[in-house]
Amino acid sequence: MKVSIVGAGYVGLVTGVGLASLGHDICIVEKDERKLEKLNNGISPIFEPGLEELLNKYKEKIIFTNNLKKAIAFSEIIFLCVGTPAQDDGSADLSQIEDAVIQIFRNVNSYKLIVEKSTVPVNTHKLIKWLANRYGGKSEFIDVASNPEFLREGKALYDFLNPDRIIIGVETEKAKKLLLELYEKIDAPKLVVKPATAETIKYTANAFLAMKISFINMIADFCEKTGADVEEVALGIGFDKRIGKDFLKAGIGYGGSCFPKDLKAFIYTANEYGIDFSLLKEVEKINCNRVEKVFRMIKNVLWNLVHKKIAVWGLAFKAGTDDVRYSPAIRLIKKLIENRAYVYGYDPKAIDNFKRSIGFLEGFSAVDDLYEVLDDADALVIVTDWQEFKEADLEEVKKRLKLPIIIDTRNIFDPDNMLKQGFEYYCIGRSGCSNVQKNI
Ligand code: UDX
């Protein structure tokens, strides 16, 4: 089949390359000339394992263009993969969706299936239909469907090709048939529902996952005070199929391009419909407090932060990505610097994005080496759980640090082993670590 995609961001690119690998022909429209040039040269503008390889493998099947008219003429199916960032009041900014659909409707004179892939508030499909009437007068030719993505950064291609489910939100038999045919080769449950339900499934999934994280983070605080161990508690409850073992890793809280913005938008939309989603407000509040908690922990351990040198491993919002959007590391590092510490940061992939995101920040230096960043530091703070950190040579770590102090916000090491190796090891909600012993 032929498919057009508007937006070569994270979702658009992975969707395009994924669909090409299933045998479809793809036309991707992108306004940013620098991105286009890279893509036309076989270079992925984002780091995502396997993406560049597949992009090159299927280059004959993918056209990149800045010409939306060309994309409209290319296919009956048009995926909307533009950004829907959070505005100051928490609502989703739908201006990129509006721009794209107005241009589509002004240039369309035959049947089109417009598919929302970007995360959009419930009933956005109705607004799109309404725009079709206003700008093209041909809404009888237009179907609008919702087909949300559930891709995790770092595993996006795997998730695209091996999804737990495919959600197809449609109003007509024709739209249903087209989308079922498109995903025919993917062996996964396909749930066909109304568009409003599909739009809601996406927000509900992200809100539920965020809730799991905030829940286990509260349990971690409880464990710290009582001598229980959050890793074992998570394991113990995870065996219960009704709870499930995933997304129960306590730490510094969630970040990234989805959870923070989607939670805000969900709370906002619920409020517009007269529902006070207090549960999700608490999830957000708990998450926001995680960075504060880690900061207090560092301060308690080092006592005085003025002119202390603190090494940070992990700048991205999680391991396996170069994305720093809503990364807890940003808030933590800014706070340490406000308190006049010097921070030296290392990340296997995210250094450039981090530097771009924070601009010049006096007191912060990026170091491009796992061990060099530790030289003469008063402590090491681990903020993401990259495999490289888990496999680090701990003797070397100890040798480089001024004091053998590690504050691990992702629980990547075994506390007993770390204490045996001569570290002061502070982590999250675990029995046996230095914070419990010292009641920090
Ligand atoms: C998420 C959803 O998983 C995906 O389905 C959706 O389409 C987009 O948002 P992503 O943002 O890539 O994907 O990251 P994810 O792996 O879900 O992690 C989100 C955040 O939660 C990260 O900051 C991560 O470190 C944190 N997290 C995750 C925890 O703190 N504990 C956990 O147990 C799991």
Side-chain angles (χ1 to χ4, degrees), residues 9-12 14-15 18 46-49 51 81 83-84 86 116-120 147-160 162-167 198-199 201-220 230-231 233-235 237-238 243-266 283-284 286-291 293-294 314-332 347 349-350 382-386 389 408-412 427-429:
Y10 215 92
V11 174
V14 173
T15 304
I46 49 168
F47 167 73
E48 179 63 33
L51 186 61
C81 297
T84 54
E116 302 165 350
K117 199 66 163 156
S118 313
T119 305
V120 291
N147 169 225
E149 54 82 20
F150 301 97
L151 314 171
R152 290 165 299 173
E153 292 188 19
K155 298 195 173 95
L157 277 168
Y158 176 86
D159 286 348
F160 183 86
N162 306 277
D164 289 339
R165 77 304 208 183
I166 293 176
I167 304 294
E199 289 162 341
I201 287 172
K202 169 70 190 193
Y203 279 103
T204 306
N206 277 356
F208 191 83
L209 292 169
M211 187 177 72
K212 267 187 122 177
I213 298 170
S214 282
F215 181 81
I216 201 69
N217 280 332
M218 286 309 298
I219 299 296
V230 71
E231 296 286 322
V233 171
L235 194 67
I237 61 170
I243 297 174
K245 62 181 169 30
D246 294 332
F247 268 74
L248 289 176
K249 191 94 184 104
I252 193 168
Y254 59 79
S257 63
C258 287
F259 288 179
K261 109 174 150 59
D262 290 354
L263 243 77
K264 279 192 193 337
F266 204 15
V283 168
E284 268 194 323
I286 293 167
N287 194 58
C288 194
N289 285 339
R290 296 314 285 172
V291 169
K293 175 208 162 76
V294 170
L315 304 172
F317 80 93
K318 65 170 188 180
T321 177
D322 63 352
D323 195 340
V324 302
R325 285 175 286 178
Y326 288 97
S327 169
I330 295 180
R331 268 180 59 215
L332 180 66
D347 189 285
K349 291 283 175 205
I382 301 174
V383 183
T384 59
D385 54 354
W386 280 93
F389 305 160
D408 176 5
T409 73
R410 298 281 184 168
N411 291 349
I412 69 174
C427 55
I428 306 287

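Computed from a predicted model, the values in this text were never measured in an experiment. Counting starts at 1 for both ligands and their atoms, in listed order.
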Region of [X] engaging ligand 1 - heavy atom pairs below 4.0 Å:
X	value
K212	neither
L248	backbone
K202	side chain
L151	backbone

Just distances here: any N/O of R152 and N/O of ligand 1 closer than 3.5 Å?
no

Any nitrogen or oxygen of Y254 lying under 3.5 Å from a nitrogen or oxygen in ligand 1? Just yes or no.
no

Can you tell me if K155 has over 12 outside heavy atoms packed within less than 6.0 Å of its NZ?
no

Check if [X] has a non-hydrogen atom at a distance under 4.0 Å from any atom of ligand 1.
X	value
G251	no
G256	no
K155	no

Supply the atom-to-atom distance E153 CD to F47 CZ, rounded to the nearest 0.5 angstrom.
11.0 Å

Would the distance check show the side chain of T321 and the main-chain N or O of G154 forming a donor-acceptor pair, the cut-off being under 3.5 Å?
no

